[in-house]
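Beneath this line is the structure, given in structure tokens, with notes to follow.
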Amino acid sequence: MRLCTFNVNSIRQREEIVKNLINEYKIDIICMQEIKTEEVNFPKFDDMHCIIHGQKKLNGVATCSVFEIEKYQKGFEGELSEARFIYALINGIHIINIYAPLGDNYGERFEYKIYFYNKLFEFLKNFDLQKDKILICGDFNISHTELDVWDEEIWEGEVTHLPEERAILSKFLDIGFIDIIRKKYPNEKVFSFYDYRGAAVYKNEGLRLDYILVTKPLFDKFKDVEILTAIRRKRKPTPSDHVPVVAEFDI
DNA sequence: ATGGCTAAGATACTTAGA
């Protein structure tokens, strides 16, 4: 089973890139973020089942699968104002697709980011983290450690790399999740986002904001993960500012 | 293409992204 997480930065602008990616990498399940459109304008994906949680202009997430989607939930209980969360049960795996709020340096949007993660941890109480196969993927908008920022001095005190945010990522690991990208690259700076501004990708000025976290029962089936940076470096068609990440499991 | 932002909604420019 091959699963991809990809912040597409508008599905209408990225339809060709996404469909080529699915074909080339034989993706079975793709979790997209920042689709930036409502469900009615989401393109058709042949031979895939899609759960779309969209809104006009901003945000929006979609989970598409070649396998049957046994059940799903769009948004958290009592929190439907911004489309940032889809839960889907596929092949006995609980798949959570998130687009976390960016937040700001300790303003109102930062509070919303903390609230969003509190809602996510609350949602996880539905599961047995020791026994269930759970996968959380998407754009966390957190750069966990100094390995996840291109320049630690520049990023100190900036949103995505504030101590409270880094603690949230650590909390996932503390409760039993495994960061499969970091498992593959334990000591290496690898990135999944390059700002469009300042030619960041050509200078390797990136951040790692996109994650695939899995519980132990699923980690036992983990084979490999790839960060497809080459797609980000192409000029035409215009890439997303985020990089697709593809994970393979022996399932 | 030897430098350098992009998308949406609006309809010439603002807002948001990280």
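In what follows, every heavy atom counts, from backbone to side chain, and hydrogens, waters and symmetry copies are set aside. Below, read A as the first sequence line, B as the second, and so on, with proteins coming before strands; counting in each chain starts at 1.
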Relative to the ring of F127(A), is the ring of Y87(A) parallel (under 30°), tilted (30 to 60°) or perpendicular (over 60°)?
-> tilted
Check: Q33(A)/T5(A) side-chain N/O donor and acceptor closer than 3.5 Å | yes
Spacing of K56(A) atom NZ relative to dT15(B) atom C1', expressed in whole Å | 16 Å
For atom CG of D104(A) and atom C1' of dA16(B), their distance in whole Å = 12 Å
Could you check how far CG of L58(A) sits from C1' of dG9(B), rounded to whole Å?
-> 10 Å
If you measure from the P atom in dA18(B) to the same atom in dA8(B), how many Å do you get, rounded?
-> 14 Å
Would you please name every residue forming a salt bridge (Lys or Arg N to Asp or Glu O under 4.0 Å) with E39(A), sequence neighbours left out?
-> K74(A)
Residues of residues 139-167 of chain A with any non-hydrogen atom less than 4.0 angstrom from an atom of DNA chain B: list those, numerically ordered, please.
-> D139(A), N141(A), T160(A)
Between P of dA18(B) and CZ of F110(A), the distance in whole Å | 15 Å
All disulfide bond (SG atoms under 2.5 Å apart) counterparts of C64(A), not counting sequence neighbours | C50(A)
Do the side-chain N or O atoms of H242(A) get closer than 4.0 angstrom to the phosphate oxygens (OP1, OP2) of dG17(B)?
-> no
Please determine, by modelled atom types, if D210(A) and H242(A) share a side-chain donor-acceptor pair under 3.5 angstrom.
-> yes
What is the distance, rounded to the nearest whole Å, between atom CZ of R109(A) and atom C1' of dA18(B)?
-> 13 Å
For the residue pair F116(A) and F76(A), categorise the inter-ring angle as parallel (less than 30°), tilted (30 to 60°) or perpendicular (more than 60°).
-> perpendicular
Review item, side-chain donor-acceptor pairs of residues 244-251 of chain A, under 3.5 Å, at least two apart:
| unit_1 | atom_1 | unit_2 | atom_2 | d |
| --- | --- | --- | --- | --- |
| E248(A) | OE1 | R2(A) | NH1 | 3.0 |

5' precedence on DNA chain B between A100(A) and T37(A) (nearest-nucleotide basis) = T37(A)
Along nucleotides 1-7 of chain B, 5' to 3', which nucleotides get a B, which get an S, and which get a -, given that the test is a protein heavy-atom distance under 4.0 Å?
-> S-BBBSS
Can you list the residues that meet the salt bridge (Lys or Arg N to Asp or Glu O under 4.0 Å) rule with K19(A), with sequence neighbours excluded?
-> E15(A)
Donor-acceptor side-chain pairing of E152(A) and H161(A) below 3.5 angstrom | yes
